[in-house]
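Structure, as structure tokens:
Owing to the predicted nature of the structure, the values given are computational and were not obtained by experimental measurement.
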Amino acid sequence: MSSNTADPQPTKSGFRIPLPFWAQVLLGLAVGLVLGYVARTYDVSWLATTLDKVGGIFVQLLKLAVAPLVFFAIMVSITNLRKVNNAARLAGRTLLWFMITSLIAVVIGLVIGLVSNPGSGSSLTPADGAKPDHAGSWLDFLTGILPTDVVTPFVQLNVLQIVFMAVVAGIAILKIGPKAQPILTLSESVLELLQKALWWVILLAPIGSAGLIGRAIVQYGWDLLGNYATFTADIYVGCALVLFGVYPLLLAFAGKLNPVQFFKGAWPAIQLGFVSRSSVGTMPVTQQSAIHLGVPKEYASFAVPFGATTKMDGCAAIYPAISAIFVAQIFDVQLGIKEYLLIAFVSVIGSAATAGLTGATVMLTLTLSTLGLPMEGVGLLLAIDPILDMMRTATNVAGQALIPVIVSARENILDRTKYDKASASPIDEAEGVHGEPRPAASVAA
């Protein structure tokens, strides 16, 4: 018996670096900045290629599990609602808070854009723009939800269609009842497998972050920020106001919670979102962070996957609001009250178009097409997008952890003892992917 209990310890110490995960990622960012600067300044081609490959492989590994992870996470999360009291009420409150925070974020974006005039100080002209290969529209958005077959969405990584199929499958399992239990059991096992595999990829984040940041420095340098200085500052300031201003106020007044504890518990997910630029890729860490913050596991397993595909305060609220003003100023188009209301409407209702993937081009094209602005404006922003997307995704991920915490607190189902004790990165602890301690011989229920 003593040998059994002692076995896991050498394995744990043998594979762990004596640094908390957040410190490892920060170290990776610092190393990437230095290597990127060296590669660009001294034209070290082999170093630039290495950084590009390392960063590309990390993102590729994250994306590899996106399609099946989204499908099984959403489907299982729908079925998990049967274990939660007042499931319909919780789902409704979750969606309501999604919309409330999106509305607040888009208003902040509009105010910042109107005050700073991001396009007025730029030397960019309409000739610098280019139409995107594919532009989003409301018709495409609505018709694009329905897949033509069950294979293409997974091959082409159409997350919106995958979410649709997962919701239908989850509701069907609930309706069928006990006869569908074998399928549900298999789905839960597959989800466990996918999350564990993705967890191993997430552990590579310090190396991946070095490659991604280094690659960005090599490709764009600091000169790129010249024409986009005000616009870039607007995005970062807007996201920071939401992340460190709005969210703490909501926690304090709507949830009666200490905001510092939230950031202690959610920071690993926020940090990984900044590096990976993928809400879906960060989802296992976000879900575990929510559980560590006292959100019931059954509710977190619904709210976090749902949020990872629809809750985008950075990409779908702040960014399109400021971008629309920027493009309008470059193309000398006047926007009025009607256009600003349309921006708010698109941001609150159409945020699912971003679908948790790297980049927010679809949401931007949807906004520009709704306002009747030139689609060439998308081309103006593609070059700067990777730099912006880091802060946008970090804000997205924070919101995806925030809403389950607030809803749980308001519904009196939050474990406030766990919330008050949340501190260390959950990735530093030897736990299962669902956030609960798990002996080696145990079987998930």
Side-chain angles (χ1 to χ4, degrees), residues 20 22 25-26 93-112 115 233-275 279 282 285-296 299-300 303-304 307-308 310-319 321-322 347-348 351 390-426:
W22 62 267
V25 175
L26 284 181
R93 291 299 175 91
T94 302
L95 183 59
L96 177 62
W97 276 101
F98 280 2
M99 292 190 292
I100 289 173
T101 51
S102 293
L103 183 60
I104 295 173
V106 74
V107 169
I108 288 176
L110 288 172
V111 171
I112 290 175
V115 170
D234 284 354
I235 298 297
Y236 270 76
V237 169
C239 288
L241 285 175
V242 171
L243 183 57
F244 301 114
V246 173
Y247 290 170
L249 289 174
L250 290 176
L251 285 164
F253 292 101
K256 308 298 183 184
L257 298 168
N258 181 356
V260 175
Q261 286 301 116
F262 170 78
F263 284 104
K264 285 182 179 180
W267 193 251
I270 297 171
Q271 186 175 241
L272 183 61
F274 183 88
V275 173
S279 296
T282 310
V285 180
T286 310
Q287 183 171 323
Q288 191 167 334
S289 296
I291 294 171
H292 273 253
L293 286 165
V295 178
Y299 173 51
V304 173
T310 59
K311 174 63 179 164
M312 305 285 163
D313 287 345
C315 290
I318 296 170
Y319 176 68
I322 298 176
S347 298
V348 174
S351 61
M390 294 185 290
M391 188 61 175
R392 291 188 319 226
T393 306
T395 307
N396 295 342
V397 169
Q400 292 155 15
L402 173 90
I403 299 305
V405 170
I406 289 180
V407 172
S408 296
R410 293 179 64 85
E411 297 296 315
N412 296 317
I413 58 174
L414 184 74
D415 187 335
R416 291 180 178 264
T417 301
K418 289 181 68 175
Y419 182 91
D420 292 336
K421 292 181 179 179
S423 57
S425 164

**Report entry** Where Thr395 and Cys239 come nearest, the two heavy atoms and their spacing
**Finding:** OG1-CB, 3.1 Å

Query raised in the report: Does a side-chain heavy-atom distance below 4.5 Å link Ile291 with Lys418?
Result: yes

Requested in this report: Measure across Val242 and Pro248 and return the closest heavy-atom pair with its distance rounded to 0.1 Å.
Outcome: O-CD, 4.4 Å

Query raised in the report: Do the side chains of Val106 and Ile318 get nearer than 4.5 Å, heavy atoms only?
Result: no

Report task. Working to the nearest 0.5 Å, report the span between CZ of Arg93 and CD1 of Ile100. Result -> 9.5 Å

**Report entry** Atom of Val304, atom of Ala290 and distance for their closest heavy-atom approach
**Finding:** CG2-CB, 4.1 Å

Query raised in the report: Looking only at atom types and distance, does a side-chain atom of Asp313 sit under 3.5 Å from a main-chain N or O of Asn396, one as donor and one as acceptor?
Result: no

Query - Between NZ on residue Lys256 and CZ on residue Arg410, distance to nearest 0.5 Å - result: 8.5 Å

Query raised in the report: Between Gln261 (side chain) and Tyr419 (backbone), is there a donor-acceptor pair under 3.5 Å?
Result: yes

Report task. Have a look at Ser408 and tell me which of Ile403, Leu257, Ile413, Thr94 forms a side chain to side chain contact (heavy atoms under 4.5 Å, CB included) with it. Result -> Ile413

Query raised in the report: Which of these passes side chain to side chain contact (heavy atoms under 4.5 Å, CB included) with Leu251: Val246, Val260, Asn258, Val405?
Result: Val405

Query raised in the report: Looking at OG1 of Thr286 and NZ of Lys311, how far apart are the two atoms once the value is rounded to the nearest 0.5 Å?
Result: 13.5 Å

Query raised in the report: Counting distance only, does the side-chain N/O of Ser347 pair as donor-acceptor with the main-chain N or O of Ala316 below 3.5 Å?
Result: yes

Report task. To the nearest 0.5 Å, tell me how far Ile235 CD1 sits from Arg392 CZ. Result -> 7.0 Å

Report task. Give the intermediate values and the outcome of side-chain contact (heavy atoms from CB on, under 4.5 Å) for residues Tyr319 and Met391. Result -> CA-CA 10 Å; Tyr319 176 68; Met391 188 61 175; over 6 Å; no

Query raised in the report: What do the steps show when you test Phe263 against Phe244 for ring pair (Phe, Tyr, Trp, His ring centres under 6.0 Å), and what is the final call?
Result: CA-CA 9 Å; Phe263 284 104; Phe244 301 114; 5.5 Å; yes

Report summary line: Between Gln400 and Ser279, the two heavy atoms sitting closest are NE2-OG, 3.3 Å

Query raised in the report: Which atoms form the tightest heavy-atom contact between Thr101 and Trp97, and what is the distance?
Result: OG1-O, 2.8 Å

**Report entry** Approximate separation, where rounding is to 0.5 Å, of Asp420 CG and Arg416 CZ
**Finding:** 8.0 Å

Query - Straight-line distance of Ile108 CD1 to Leu241 CG, nearest 0.5 Å - result: 6.0 Å

Report task. Search all heavy atoms of Gly273 against all heavy atoms of Val397 and return the closest pair with its distance. Result -> CA-CG2, 4.1 Å

